[in-house]
2 protein chains.
Amino acid sequence: MDNLHETQDNRSLTSRVFKYVRLGIIEGRYKSGDYLIETRLANELGVSRTPVREALRQLELEDLVECIPNRGVVVKGISSEDIDDIYTIRLQLEGLAAYWASQRIKQTQLNRLEEIIELMELYTRRNDSTNLARLDTEFHEIIFTAANSRSLKHILVWLHQNIQYARQSSLMSPSRTPKSFEEHKLIFTALEAGEADLAKTYMEKHITAAHSHPEE
Amino acid sequence: MDNLHETQDNRSLTSRVFKYVRLGIIEGRYKSGDYLIETRLANELGVSRTPVREALRQLELEDLVECIPNRGVVVKGISSEDIDDIYTIRLQLEGLAAYWASQRIKQTQLNRLEEIIELMELYTRRNDSTNLARLDTEFHEIIFTAANSRSLKHILVWLHQNIQYARQSSLMSPSRTPKSFEEHKLIFTALEAGEADLAKTYMEKHITAAHSHPEE
DNA sequence: TACATTAAAGTTGTATACATGTTCTTCTTG
DNA sequence: CAAGAAGAACATGTATACAACTTTAATGTA
């Protein structure tokens, strides 16, 4: 019963279980209100209860499930209202990240951003949404990292993960990709020039646009 | 060897261990770079390794420790730069929380806020920092809750917990308390009147002032 | 002495066993 | 038949046992 067709990232069973259940919640396989039974999950994945418990305790801190003492863990999930809120929160925080990044970003990070921009242009022409989504994630992650704030990065990574859910549903819609590409380019230019306020403004516009058209 | 002089909140050993280690990191007993040995902690607390492991895995997600596979978990701690960043992030997010709260707050929550304001006045006159700190936490938490956004509340609770560390150090300094009291009152008035922009502005001023003078 | 090899101690990763608490079924009783 | 009690089935909470991996100490050799 190996539902776990993972690659090589077998760091530990705990993290495998964590990702598996997380994906299950994000994809809606486990719905809000469902009880997650430890032994059932353990059998499903062919592992013991120990790593399952550790993973569930982590998911509790991610706020994706609620652990009720001596009762079990119940799925909380992410509603569309949550997604809306997350975009508003991102609006505040990614603006801040871009602002800080423009002051603290290193040359190597700028180089990688430039590479990403070039690749994005290519994949936009080819309508390759899968690769575009991957590059988009990396683009934003470089900016989180360049902002050089542990707390901010921690929050933004969490928000991005939660939002994957919304992305998943509308991935292949290519209507907005050319516009999105231009937005990324503007952000990059501002970062390169060290224009903090401009970087912030462009990032905010990008998030807002992405919220209205979540396809990329 | 029962270093755990807890009250009644013995929901589970895992959460007891979690709070114990968390406090240890916040108080500086476990310093950045220290390795946390599972068996050592287990003996220290008179429990088995199972709840210790679960607690450590949770602390990893809180970003207070780093789990290195097959090596152990190392303390990350919170630097003063982190604290500065957190205040800036709170500036963005508590403003948003106050904004949303002013539109969504319920009468019972407003009543409780009014009670808190009255109590704060009392304790400010008495210079009772301990109770003031408690009320301050509740004041902000009511606003998080009233904002009615799961994600926002989750982030702000996390930020507040991280910042307790900075508060701990300078608790008894009463110089700012009268001013802080006035700020809380202004926020409350704006919330009561449903003035979203005003609530946001007052909250931002309050956070900024608290950052310069973290005693309350 | 310096260095590689190997044994040993220590630590983490995982599974299992048992204790405790909860839920559901069934049987009794009014 | 309804309501409640007893017990079985089930799930979680915790401890322990064992396997795998890492680091350290020890041993042997050039």
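Treat the numbers as computed from the prediction; the structure is a model and nothing was measured. Every chain is numbered from 1, with letters handed out A, B, ... down the list of sequences. The basis for the numbers below is simple: all heavy atoms, side chains too, and nothing from hydrogens, waters or symmetry mates.
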Enquirer: Once you round it to whole Å, what is the distance between C1' of dG21(C) and CD1 of Ile37(A)?
Expert: 14 Å
Enquirer: Side chain to side chain donor-acceptor pair (under 3.5 Å) between Ser79(B) and Asp82(B): does it pass, once the steps are laid out?
Expert: CA-CA 5 Å; Ser79(B) 71; Asp82(B) 291 332; 3.2 Å; yes
Enquirer: Rounded to whole angstrom units, what separation is found between the CG atom of Asn43(A) and the P atom of dT14(C)?
Expert: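 Checked: the CG to P distance equals 17 Å.
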Enquirer: Is it true that the NZ or CZ of Arg104(A) lies under 6.0 Å from the centre of Tyr99(A)'s six-membered ring and within 45 degrees of the ring axis?
Expert: no
Enquirer: Could you state the CG-C1' distance from Leu45(A) to dT14(C), rounded to the nearest angstrom?
Expert: 14 Å
Enquirer: Does any residue of residues 52-67 of chain B have a heavy atom under 4.0 Å from DNA chain C, and if so, which ones, in number order?
Expert: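 Output list: Arg53(B), Arg57(B).
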Enquirer: Check whether NZ of the Lys or CZ of the Arg Arg57(B) lies under 6.0 Å from the centre of the six-membered ring of Phe18(B) and within 45 degrees of that ring's axis.
Expert: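 The answer is no; the distance or angle limit is not met.
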Enquirer: Under 4.0 angstrom, heavy atoms only, what part of the nucleic acid is Val73(B) near: base, sugar-phosphate, or nothing?
Expert: nothing
Enquirer: Going 5' to 3' along DNA chain D, which nucleotides are the first and last within contact of chain A (any atom under 4.0 Å from a heavy atom)?
Expert: dA11(D) to dT14(D)
Enquirer: Does Glu115(A) pair with Arg112(A) as a salt bridge, N-O distance under 4.0 Å?
Expert: yes
Enquirer: I want to confirm an ordering. Mapping Asn70(A) and Tyr35(B) to their closest nucleotides on DNA chain C, which one lands closer to the 5' end?
Expert: Tyr35(B)
Enquirer: Looking at dG13(C), does its base get a donor-acceptor pair with the side chain of Arg49(B) below 3.5 Å?
Expert: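 Flag set: donor-acceptor pair detected.
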Enquirer: Glu183(A) and Ala209(A): which non-hydrogen atoms are nearest, and at how many Å?
Expert: OE2-CB, 3.5 Å
Enquirer: Taking all atoms of both residues into account, what is the closest heavy-atom pair of Glu204(B) and Gly95(B), and its distance?
Expert: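 Smallest interatomic distance, heavy atoms only, reads CG-CA, 4.2 Å.
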Enquirer: Counting any heavy atom closer than 4.0 Å, what does Leu36(B) reach on the DNA or RNA strands: base, sugar-phosphate only, or nothing?
Expert: sugar-phosphate
Enquirer: Yes or no on side chain to side chain donor-acceptor pair (under 3.5 Å) for Ser32(B) and Lys76(B), after CA distance, side-chain angles and deciding distance?
Expert: CA-CA 5 Å; Ser32(B) 194; Lys76(B) 292 176 80 172; over 6 Å; no
Enquirer: Under a 4.0 Å threshold between the charged nitrogen and the carboxylate oxygen, would Glu81(B) count as salt-bridged to Arg150(A)?
Expert: no
Enquirer: Between His140(B) and His184(B), does the ring centre distance come in under 6.0 Å?
Expert: yes
Enquirer: Taking atom P of dT12(C) as reference, at what distance in whole Å does atom CG of Leu13(A) sit?
Expert: 17 Å
